[in-house]
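For reference, the structure discussed in these notes is given below.
Predicted model only: the values in this text are computed from it and were never measured. Excluded from the calculations below are hydrogen atoms, water molecules and symmetry mates; all remaining heavy atoms, backbone and side chain alike, are included.
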Amino acid sequence: MPAGESEHINVTIFTRVNNGNQQEFTSCGTYSLNDGATIDGYPGGRSNGIEVSVACSDGD
């Protein structure tokens with residue numbers, strides 16, 4: 001895409017039990033998935049990181 005433009009993506013996240021036998025993403029809050037992407041040969045070229053926000057309803 002040309003410089004200065006942006007795109008939108010949807011990310012589907014499935015939960016599962018981790019090695020500590022804990023269900024992932026079951027607590028309310030924000031989880032960092034990465035620190036952003038870099039572009040080789042472009043100084044300071046890092047995108048924003050990806051975060052997942054978990055909203056809990058009453059009773060969760």
Handout entry: Donor-acceptor contact below 3.5 Å, side chain Ser47 vs main chain Ala37
Key =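 Checked: pair present.
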Problem - Any residue meeting side chain to side chain contact (heavy atoms under 4.5 Å, CB included) with Thr30, in chain and number order, not counting sequence neighbours - result: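 For Thr30, the residues satisfying side chain to side chain contact (heavy atoms under 4.5 Å, CB included) (neighbours in sequence not counted) are Glu51, Ser53.
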Problem - Which atom of Arg46 lies closest to which atom of Thr38, heavy atoms considered - result: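 Residues Arg46 and Thr38, closest heavy atoms: NH2-CG2, 3.3 Å.
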Exercise for the section: Kindly give the heavy-atom pair with the smallest separation between Asn34 and Ile50, and that separation in Å. Expected result: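 So the minimum-distance heavy-atom pair works out to OD1-N, 2.9 Å.
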